[in-house]
Amino acid sequence: MSKKGRLFIILLVLAMCFVFLWPSICWYARTPKDDKALALSSLEKIKEYATFMAENDVEQLRQTAKASDAEIPAGSEWLVKAAKKNFKDMGKEVPSPLTLRAALETFSREELTKLVEDRYRDKILKDKKNYKNSVKLGLDLSGGMNVIVKADLDAVVKAQKEANILTSDGKDADGENTTSLAVNETLLRSNAMAQAIETLTSRIDRFGLSSPTIRQQGEDRIYIELPGSAETDQINTIIQGRGILNFRLVDMDATEKFLQYYFANRSSTFDSRGNLIDPSVIPEDEEVFGYYVTDEYGLDQKVSSRPYLVVKKQIALEGKHIKSAVVGADNLTGRPQVNFTLDAEGAGIFAKFTGEHKGEFLAIVSDNKIKSNARINSEIPGGQVSIDGFGKEEANNLQKVLQTAWLEVPLSVESQQVIGAELGSQYIRQGLMAIVIGLVAIMIFMLIFYKGAGVNACVAQILNLYIMFSVMSALNFTVTLPSIAGMILTIGMAVDANVIIFERIKEERALGKDRASSISVGFANAFWSIMDSNITTFIAAVFMTQLGSGSILGFAYSLAIGVCSTVFTALVVSRLLFDFNTEVVGKENISISWRMK
């Protein structure tokens, strides 16, 4: 490979590594602690925060504009830009100077609130994205809890067989073909595990537990990592809990009165926790919930025209009676609809309730948020229910809400382990200290023993760690103590590659060859020795990733990444540095040994 080609590859790799590493830099060095805590909360908490802050900010802006015809405050360029766009859309000239009052007059209150809310939301979601794309700390470093949950898949299969969904010959009792109802047992187990993981992920996020790691372990176990503090009882409730979703009757008259009150008193209707400041605005046997749809960011968005509904406190039907939910299409209109099936008890309750409340509205409430509000046109017997009136994306979202309302797969907590944050901080300091001490010691050794050539080894070592961390960031790697051990081992292996190269160069130099020839032949002779040792190490790391689990995986992944970066820095970066000193600096001798000039 030519020197220009080698330089281009190095620069390209370093640039790509910086792009990979940038989210980690933003998260750990540029994001304040309070912003981190907010970004690690659930999407619903982020939404509540953004909405609350937006309403407060809008109220303050309006009060400031009423008090005086002042100019727009410094740091509000976003408001100036949006106001100028509004003037342009209205075909009017922008006043000079543009005052706060004039700018606010171009917005309705809803438009201004949404604009401010979008700013909060985009900032928090940007921080959240940086976290997802950054190197993360494992529980042994950050503290938290890990839980292993066992799914009783045999119970699922048995229940399906009893329901005649699984058949041995694909025929029912009358000999009719029921192949369309037959479900392969292996596929059933796979689907049950997928549903269990999806349900747990949804539940943990809704409860506000930060950045969980949830993955399948083996055939019937689920491994959960929860960074930060979490109560054991709360985790057990989330994992084994039921009845998170329910159906309630909507009081439309009370809703209209409440909305009139709310639109007239936006800033004084709810406190910062979302509780009514004056509970007397609704009847005692009712409560008010937000009415949400999913927006383009995956957040729950209140319906602007009807952001709240007043519902009865009495639950009409609990979510535990839902057996399944699928997205389909209306036979006549083709519009998306969600079809769900109730168990026998739920079917009886629902038929009686819908028969008694024809013409009224029924809301689906999930974790104190209304996800659907449908009119009851007639009694619905048999437990087969269809809901429509929304788009495909919203139908899929509602299907997930219904499907995860009650987990059909029996789960049990097999083990729990709590790791203190203080111990994690100590491990971080010790791990970083080990890396720094090891790196510095090796660099000093290389500088003393190999003189000028040792500088090349030091540069290669630093770039080696830089590339390792960049690749880890690109892979959203979780750093644990074993992975730190893999990094330290990589440092030693990288030096070994440089030592082999330097010794080969010394051998060629001792034969009387000039600098350029010694370097060229030395690298050529060292190539296969380095490749053999690193390939065998890489194969061992790959086997560990396939056969190991838990802490072994962290060690194996960091070792595999380190092997690749070591080969690159030793054979490409170090070679370029030698060639640079030969052709650009013009050196004729090699500073590589105390006994050799």
Side-chain angles (χ1 to χ4, degrees), residues 13-14 16-18 20-25 27-29 133-143 213 225 227 419 423-446 454 456-500 530 533-545 548-574:
V13 170
L14 295 181
M16 291 177 60
C17 287
F18 181 79
F20 295 153
L21 196 58
W22 181 246
S24 295
I25 296 173
W27 177 255
Y28 290 103
N133 294 330
S134 67
V135 174
K136 300 174 183 61
L137 300 179
L139 293 187
D140 51 357
L141 300 179
S142 64
T213 298
E225 284 187 358
I419 301 173
L423 187 61
S425 300
Q426 179 182 348
Y427 285 159
I428 293 174
R429 290 192 298 270
Q430 292 175 347
L432 291 176
M433 186 63 67
I435 291 176
V436 171
I437 292 176
L439 181 61
V440 171
I442 289 174
M443 291 171 68
I444 292 174
F445 170 80
M446 296 298 289
N456 293 6
C458 293
V459 173
Q461 285 280 28
I462 294 172
L463 292 182
N464 189 24
L465 285 177
Y466 169 73
I467 293 172
M468 281 187 64
F469 278 109
S470 300
V471 174
M472 289 178 179
S473 182
L475 299 176
N476 301 331
F477 192 80
T478 300
V479 177
T480 60
L481 279 177
S483 61
I484 292 177
M487 296 179 200
I488 297 173
L489 179 59
T490 298
I491 293 174
M493 293 173 57
V495 169
D496 181 61
N498 281 280
V499 168
I500 294 174
I530 294 172
S533 61
N534 283 279
I535 288 174
T536 53
T537 304
F538 185 81
I539 292 174
V542 171
F543 270 98
M544 282 191 287
T545 62
S549 62
S551 59
I552 297 177
L553 287 176
F555 176 82
Y557 285 133
S558 63
L559 182 59
I561 294 170
V563 165
C564 297
S565 61
T566 293
V567 171
F568 177 77
T569 54
L571 297 179
V572 180
V573 175
S574 182

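When reading the values below, keep in mind they use all heavy atoms of this one structure, side chains included, and skip hydrogens, waters and symmetry mates. Everything quoted here is computed from the prediction, not taken from an experiment.
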>> Applying side chain to side chain donor-acceptor pair (under 3.5 Å), can you list everything that pairs with S565, at least two apart in sequence or on another chain?
In response: N464

> For S533 and T537, which heavy atoms make the closest approach, and how far apart are they?
Replying inline: O-OG1, 2.8 Å

> When you measure from the side chain of Y466 to the backbone N and O of F18, does any donor-acceptor pair fall under 3.5 Å?
Replying inline: yes

> Between atom CG of L465 and atom OG1 of T566, what is the distance when rounded to the nearest 0.5 Å?
Replying inline: 9.0 Å

> So T490 and V563, side-chain contact (heavy atoms from CB on, under 4.5 Å) or not? Walk me through it.
Replying inline: CA-CA 7 Å; T490 298; V563 165; 6.0 Å; no

>> Looking at every non-hydrogen atom in both residues, tell me the closest pair between M468 and G562 and how far apart they are.
In response: SD-CA, 3.8 Å

> How long is the span from the CD1 atom in I462 to the OG1 atom in T569, to the nearest 0.5 Å?
Replying inline: 11.5 Å

> Atom CD1 in I491, atom CE in M443: separation rounded to 0.5 Å?
Replying inline: 10.5 Å

> CG/L439 to CD1/I437 distance, rounded to the nearest 0.5 angstrom?
Replying inline: 11.0 Å

> Quick one: CE on M446 to CG on N498, what's the gap to the nearest 0.5 Å?
Replying inline: 5.0 Å

>> Let me confirm one number: the OG-CD1 distance from S134 to I25, rounded to the nearest 0.5 Å.
In response: 11.0 Å

> Would you call I561 and L475 a side-chain contact if the rule is heavy atoms closer than 4.5 Å?
Replying inline: yes

> Listed by chain and number, what are the side chain to side chain donor-acceptor pair (under 3.5 Å) partners of S24, not counting sequence neighbours?
Replying inline: S473

> side chain to side chain contact (heavy atoms under 4.5 Å, CB included) with A474: which residues, sequence neighbours excluded?
Replying inline: F20

>> Using every non-hydrogen atom in the two residues, find where F469 and M487 come nearest and quote the distance to one decimal.
In response: CZ-SD, 3.9 Å

>> Just checking F477: does its CZ atom have more than 12 heavy atoms from other residues, nucleotides or ligands closer to it than 6.0 angstrom?
In response: yes

>> Ignoring hydrogens, what is the shortest heavy-atom contact between S558 and S483? Give both atom names and the distance.
In response: OG-O, 3.1 Å

